[in-house]
Protein chains: 2
Amino acid sequence: MEKREFKEKVYSELASLTKALAHPFRLQIIDLLAQGSRSVEEIAAQVDISIANASQHLQVMKGANLVSIQKEGHYVHYRLADERVYTVWQSLRELGIDRLAQIERTLKDFREEKNSFQSLSIDQLLEKISEEGVVILDVRPEKEFKAGHIPQALSVPMEKLAQKIADLPAGKEVVVYCRGPFCVFADEAVGLLTGQGIRAIRLEEGFPDWKSRNLPFQTIS
Amino acid sequence: MEKREFKEKVYSELASLTKALAHPFRLQIIDLLAQGSRSVEEIAAQVDISIANASQHLQVMKGANLVSIQKEGHYVHYRLADERVYTVWQSLRELGIDRLAQIERTLKDFREEKNSFQSLSIDQLLEKISEEGVVILDVRPEKEFKAGHIPQALSVPMEKLAQKIADLPAGKEVVVYCRGPFCVFADEAVGLLTGQGIRAIRLEEGFPDWKSRNLPFQTIS
DNA sequence: CAATTATTCAATAAAGTTATTGAATATATT
DNA sequence: AATATATTCAATAACTTTATTGAATAATTG
């Protein structure tokens, strides 16, 4: 094999892999599948695209070995093929959040609108846990909480939050988390809580990031 | 801002960033710029494409904030805009090498052809250094060696290797490294050395990977 | 200031990607 | 066996990306 041919093969394959990531919907799908496997229907609903379109994007990702499938009845469940798919997405995300002024501004604008001005990193949360008593709130759908959550977190899915505010331990600071840095549930929750005079702050990252750092987590079966 | 609008903005920006990576030549350019800054001319020569084409690809990368420029006379020197650009490439590479059968096979075929059957990881090299005495050979061009190399490594650019074999400390095992896992110099060197009866093995990763692990390195000014 | 050199720009044609349809497939239920 | 359901397939049109030209720009040298 020629040197040139070798390079062409290797870099082309890796560029194809990269292309298979490079679409807004496909990145959203990765964020979703990081919560667990999902059917085409569920994916289409969450990303808010047609089923045929979702299926097409999933084919692209499957072709690049980013996701794998498991058939069950007439459902096809898609999952991330490898933990490192999420690792790649994490490093892309970090680079973008820090270096693309556009993204930083969009995040800031959106959060200010929700009165979610600050955020906490996982490291800062770990410190807070060991020092003070904080209430940790998981505002993802119950299914995702059951599949895995930060130890001691309370499950209060976003749509139930308003009616459950009264039940929260009084006087304590609340840290809210959801799926990841682009998940809007946490910002909405912080907005709602601070509106009620409760000190609340969002966790910058989400549960998949907690898990990928090999921190302990709880599940409910 | 609407939830949907927010998601669209953020994921689209990140997809654009990903697209700016997703071309075989552009990935090669990242590997090259990880060695230090280079002019358009040098980049075009190394990647083996026309200058206009190289310039065009560099514009795409600059537009996505992956690279930055410094003008000097009528030269434009391009460099990686952020260390994390290389981090993203590393994680993509790892995912691909491990999971794309096609890449694994290409690597294996090429290396077998060069009689470079095995390779050593950085961790394995670190062990070897502390235990036995090994000779570490840097077969990149001298300019790259000067810009930074593994401590104690000997600089023997590929084109000078044949005539310098006699000067190598006899009886010791030789570990050869170059730019990264897809750099072919190391494989060619291993082929040449084993052909002369010298025990040689390539380092899987390259100097940028050594550096990105914050291991100590030497420079020559 | 004319000539040289490195890089970028602009136009173009070819190739690749995408969303939208509606039909096809394959499994499960009645 | 017929019907219903989830997913995939195939065709198409709109759009984007790419390599190749040759011209334009901008800094340096003679």
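The chains referred to below are lettered A, B, ... by the order of the sequence lines, with proteins before strands, and numbering in each begins at 1.
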Between [X] and [N], is there a side-chain N or O to OP1/OP2 distance below 4.0 Å?
X: A:Ser55; N: D:dT7; answer: no
X: B:Arg26; N: D:dT18; answer: yes
X: B:His74; N: C:dA3; answer: no
X: A:His57; N: C:dT17; answer: no
X: A:Tyr75; N: C:dA26; answer: no
X: A:Gln56; N: D:dT8; answer: no

Q. How many angstroms lie between atom OG of B:Ser16 and atom CG of B:Asn65, to the nearest 0.5 angstrom?
A. 12.0 Å
[X] has a side chain; which of [options] sits nearest to it?
X: B:Ala52; options: D:dG22, C:dT7, C:dT17; value: D:dG22
X: B:Asn53; options: C:dT8, D:dT8, D:dA19; value: D:dA19
X: B:Ile51; options: D:dT7, D:dT17, C:dT7; value: C:dT7
X: A:Lys19; options: C:dT17, C:dT8, D:dT20; value: C:dT17
X: A:Phe25; options: D:dT7, D:dA19, C:dA19; value: C:dA19

Q: Might you work through the salt bridge (charged side-chain N to carboxylate O under 4.0 Å, His left out) test for A:Arg93 and A:Asp209, ending with a clear yes or no?
A: CA-CA 12 Å; A:Arg93 230 174 51 183; A:Asp209 306 296; 3.1 Å; yes
(Q) Can you confirm whether B:Tyr86 sits close enough to A:Ser91 that some side-chain heavy atom of one is under 4.5 Å from a side-chain heavy atom of the other? (A) no
Q. Does the side chain of B:Asp98 reach to within under 4.5 Å of the side chain of B:Glu104, using non-hydrogen atoms?
A. no
Taking any heavy-atom pair under 4.0 Å as a contact, classify [X]: base, sugar-phosphate, or nothing.
X: A:Ser39; answer: sugar-phosphate
X: B:Ala54; answer: nothing
X: A:Lys71; answer: nothing

Q: May I ask you to say whether B:Arg38 pairs ionically with B:Glu144, meaning some side-chain N is under 4.0 Å from a carboxylate O?
A: yes
Q.
Closest-nucleotide mapping onto DNA chain C: is A:Val60 or A:Gly73 further toward the 5' terminus? I mean the 5' end.
A. A:Val60
Length of the line joining [X]:[atom1] and [N]:[atom2], which is rounded to integer Å:
X: A:Glu72; N: D:dT5; atom1: CD; atom2: P; answer: 19 Å
X: A:Gln70; N: D:dT7; atom1: CD; atom2: C1'; answer: 16 Å
X: A:Ile69; N: C:dT27; atom1: CD1; atom2: P; answer: 12 Å
X: A:Tyr78; N: D:dA6; atom1: OH; atom2: C1'; answer: 11 Å
X: B:Leu58; N: C:dT8; atom1: CG; atom2: P; answer: 7 Å
X: B:Arg38; N: C:dA6; atom1: CZ; atom2: P; answer: 17 Å
X: B:Ile49; N: C:dT8; atom1: CD1; atom2: P; answer: 12 Å
X: B:Leu27; N: D:dT18; atom1: CG; atom2: P; answer: 11 Å

**Q.** A:Glu5 atom CD, neighbour heavy-atom count above 12 within 6.0 Å
**A.** yes
